[in-house]
Amino acid sequence: MISELVVDVQLKEVSIAVLEDKSLVELQKEVRNVSFAVGDVFLGKVKKLMPGLNAAFIDVGYPKDAFLHYLDLGPNFNTQQKFLKQALSSDPKKFPVLSKWPILPETGKEGSIGDMLKPGQEVLVQIAKEPISTKGPRLTSELSFAGRHLVLIPFADRVSISTKIILTEERVRLRQLIQSIKPKNFSVIVRTSAEGKRVAELDQELKTLLKRWDDSIAKLPKAELPSVILEETGRTVALLRDIFNPSFQHIHVNDPDVYRDVHDYVSLIAPGREDIVQHYKGEIPIFDTFGITKQIKSLFGRTVNHRGGAYLIIEQTEAMHVIDVNSGNRTKGSNEQEQTAMDVNTAAADEIARQLRLRDLGGIIVIDFIDLAEPANRQKLFDHITQAMASDRAKHNILPLSKFGVMQITRQRVRPSMSIDTSESCPTCFGTGTTKQPSILFTDSLEGKIDCLVNKHHLKKFTLHLHPYVAAYVNKGFFPLSWKWRTRFSFQLKVIPDQSLGLLECRFYDSDKNEVDMKKGEKGLNPQQDLKPCEG
C-alpha cells in the first residue's frame with residue numbers, strides 16, 4: 001500500500017488529506033491560529049466545583065469553561081500541585097528540579113473533587129478533547145509530551161511498553177534501555193514505532209521531550225491566569241508524527257513555511273527520507289491535482305455509493321451515528337440471497353471502516369447490515385470489519401451482530417466530527433430563488449469585475465478561479481476570451497479551473513495568492529459577498 005499526505009494551506013484554514021493507494025482515507029481541517037488543540041498545556045484557574053459530577057470547571061481562556069473530572073486529576077496530582085506552587089513562587093535561580101523532587105503518595109480513585117481543588121486555585125492542565133459543539137474543552141492533569149517513538153509523563157516513575165510489541169526479547173530490551181537513560185520522576189511510554197530502534201535515536205528523542213518540559217515550566221513564574229504554557233506542534237506535524245511509516249512515498253505541501261516545518265521534522269524522525277517532502281508549486285489547486293476534491297464531494301454526502309451498486313445511508317443524531325446498508329441494484333437470484341447479502345455486507349464493512357476514519361466519527365455508531373441467516377456468516381462479517389478497522393488509530397470497541405443484524409461500535413472522539421456539506425446552491429440564483437441575469441451573461445459580469453479590479457483597484461496581476469466548465473469556455477479557441485481581456489485591460493491574468501467552486505462562482509487572487517475583496521480591494525475576504533458593487 002502506498003501512502004501519501006497532501007497538505008492544502010489556505011489563508012484561513014489548513015486541510016490535510018491522507019491517501020492510501022490514491023484513495024482518500026483521512027481528512028482533517030484546522031482553522032489557522034486555533035487556540036485550543038489536543039496536547040496544549042495551560043495554567044488555569046478553578047472557576048467552580050460540581051460535587052454532583054465530582055468535577056470542576058476550569059478557566060483556560062475559552063468562552064466556555066473547561067471540564068476536569070476527579071479521575072482525570074491523576075494519581076500524582078498532589079505532587080504536581082506542590083511542585084506548581086513552588087515553581088510559581090520561587091526565584092528563577094532556585095527553580096525546582098523535578099528529578100530531585102519528592103514524590104508524594106498516590107491518590108485513590110475513590111475521592112471527592114472538593115478535597116483536591118478549591119475555587120480560585122491554580123492548576124496545570126492539558127487539553128484532552130477539543131471544544132465540541134456547545135461544550136468547552138475537556139482537561140486532564142496527567143500531563144504527557146508525545147514524540148514519534150516515546151511519550152514522556154512527568155510526576156511518575158515507570159516504563160510502559162506498547163502491547164503491540166509482541167516479542168518478549170524486544171520488550172525486555174526496550175524496557176532496560178529506557179530505564180538506563182530516563183531521569184528520575186519521569187514515566188515513559190514506549191510506542192509501537194520504537195520497535196527495533198537504536199539507543200542513540202531513542203535517547204535523542206527523550207532529550208527533545210525533556211527540553212519541551214523544561215521550556216514549558218520555565219514560563220510558570222511569569223505566567224498570568226489563564227495562559228498557555230505549551231502549544232502542541234502544528235496539526236500537520238502532529239498528524240505526521242502519529243501516522244508516519246515506511247510506506248509513505250510522498251508528502252505534498254503547497255505552502256513554503258509549512259513545507260520547511262514538515263521537511264525539518266521528517267529529517268529528524270527519518271534521516272535520509274526528507275526527499276519525500278515536496279513543495280507543490282502548481283497553479284491548479286493542490287486538492288484538484290490529486291483528485292481529492294472529487295472524492296470529498298462523493299464521500300461526504302448522506303448517501304455513499306460503493307462497490308457493486310450498493311450504497312450506505314449515514315445519519316447523525318444527537319446521541320449517535322446511524323448507518324444503513326442497502327443492496328442497491330444487486331440482481332442475483334433468490335437462491336443466492338445469503339451470498340448476495342454477505343457480499344454487500346463485506347463491501348459495506350470496508351467502506352464503513354474508511355468512513356469512520358474519514359469523517360472522524362466518534363461516540364456510538366449503530367450499523368444496520370442486511371440480515372444474514374447463517375451464524376457462521378455473521379461471525380465472518382464481525383471478523384472482517386474488525387480486520388478492516390485494525391489500522392484505525394482511534395480507540396474503538398466492536399460488538400458482534402445482534403439477531404436483528406445490527407452492529408454497535410464505540411469510537412474515541414477527541415475533536416469534532418468532520419462534516420462537509422456536499423450540496424451546492426443553485427448555480428444561477430445562489431439560493432435566493434431569483435436571478436438577475438441569465439447564465440449566458442456570466443462572462444459579461446466577469447469582464448465588469450475585471451474592469452473594476454484593474455481600473456478602480458489598480459491591480460495589474462491576478463488569477464481568476466472558475467468552475468472547470470466555465471474555465472474551459474473562457475480559455476477555448478485560438479483567441480480565447482481570457483486573451484481578449486488581457487489585451488483590452490493590459491494586465492496579467494491566469495484562469496485556473498477549481499473543482500470546489502459552483503458553476504457560476506468565481507474568486508480572484510492577487511500575486512501573493514491572497515483572495516481579493518471585490519468591494520474594497522482588500523485581501524482575505526470572501527469575494528462572493530462583495531461582487532455586486534462591481535457588476536455592471
D510 and K461: side chain to side chain contact (heavy atoms under 4.5 Å, CB included), yes or no, with the steps?
CA-CA 7 Å; D510 64 13; K461 183 178 181 180; over 6 Å; no
Under the side-chain contact (heavy atoms from CB on, under 4.5 Å) test, which residues partner L464, sequence neighbours left out?
L446, L466, W485, L493, C506, F508
One pair to check against side chain to side chain contact (heavy atoms under 4.5 Å, CB included): L356 and R411. What are the steps and the verdict?
CA-CA 9 Å; L356 296 186; R411 187 173 182 273; 4.1 Å; yes
Distance-only side-chain donor-acceptor flag, H384 / D350, under 3.5 Å
yes
Of all heavy-atom pairs linking V60 and G44, the shortest is CG1-CA, 4.4 Å
According to side chain to side chain donor-acceptor pair (under 3.5 Å), who are the partners of R138, at least two apart in sequence or on a separate chain?
D72
Is the side chain of H149 donor-acceptor paired with the backbone N or O of G147 at a distance under 3.5 Å, no angle test?
no
S193 (side chain) donor-acceptor with R148 (main chain) under 3.5 angstrom
yes
Looking only at side-chain N and O atoms, does N475 offer a donor or acceptor that is under 3.5 Å from a partner on S482?
yes
Is any side-chain heavy atom of V14 less than 4.5 Å from a side-chain heavy atom of D8?
no
Just by distance, with hydrogens left out, do N78 and Q80 show a side-chain donor and acceptor under 3.5 Å apart?
no
R198/E205 salt bridge by N-O under 4.0 Å criterion:
no
Any L230 side-chain heavy atom under 4.5 Å of R212 side chain:
yes
How about W101 and F186: are their ring centroids closer than 6.0 Å?
no
Ring centers of F491, F462 separated by less than 6.0 Å
yes
Salt bridge flag under 4.0 Å for residues R260 and D264:
no
Heavy atoms only: give me the nearest N76-L104 pair and the separation to one decimal.
OD1-O, 4.5 Å
Would you indicate whether the side-chain heavy atoms of L43 and P226 approach each other to under 4.5 Å?
no
Test: K294 and D288 ion pair at under 4.0 Å
no
Between I284 and I496, is any pair of side-chain heavy atoms under 4.5 Å apart?
yes
Hey, are the side chains of I276 and Q249 touching, using non-hydrogen atoms and a 4.5 Å cut-off?
no
Taking all non-hydrogen atoms of both residues, which atom of V125 and which atom of L143 are closest, and how far apart?
C-CD2, 4.0 Å
Expected output: side-chain Q295 to main-chain L24 donor-acceptor under 3.5 Å
yes
Count the heavy atoms of every other residue, nucleotide or ligand shown that sit under 6.0 Å from NZ of K45, and state whether that count exceeds 12.
no
Do V188 and I153 make a side-chain contact, defined as non-hydrogen atoms from C-beta onward lying under 4.5 Å apart?
no
Determine whether I178 and L150 make a side-chain contact, defined as any pair of heavy atoms from C-beta on separated by less than 4.5 Å.
yes
Do other residues, nucleotides or ligands put more than 12 heavy atoms under 6.0 Å from the CD atom of Q278?
yes
Nearest-0.5 Å distance, CG of residue L68 to CE of residue M116
10.5 Å
Looking only at heavy atoms, the pair that brings S216 and I229 closest together is O-CG2, 3.0 Å
Identify the heavy atoms of G196 and E170 that sit nearest to each other, and give their distance.
N-OE2, 2.7 Å
Knowing that exactly one of R173, R191, R175 qualifies, which makes a side chain to side chain contact (heavy atoms under 4.5 Å, CB included) with I161?
R175
Is any side-chain heavy atom of K207 closer than 4.5 Å to a side-chain heavy atom of I181?
no
State whether the number of non-hydrogen atoms from other residues, nucleotides or ligands found under 6.0 Å of K395 atom NZ is greater than 12.
no
Proximity of H279 and Y259 rings by center, below 6.0 Å:
yes
Criterion side chain to side chain contact (heavy atoms under 4.5 Å, CB included) on F57 and V46, from CA distance to verdict
CA-CA 6 Å; F57 285 101; V46 178; over 6 Å; no
Could you list the donor-acceptor pairs under 3.5 angstrom formed by side chains in residues 16-23, with sequence neighbours left out?
{"residue": "D21", "atom": "OD1", "partner": "I2", "partner atom": "N", "Å": "2.9"}
{"residue": "K22", "atom": "NZ", "partner": "E4", "partner atom": "OE1", "Å": "3.0"}
{"residue": "S23", "atom": "OG", "partner": "R354", "partner atom": "NH2", "Å": "3.0"}

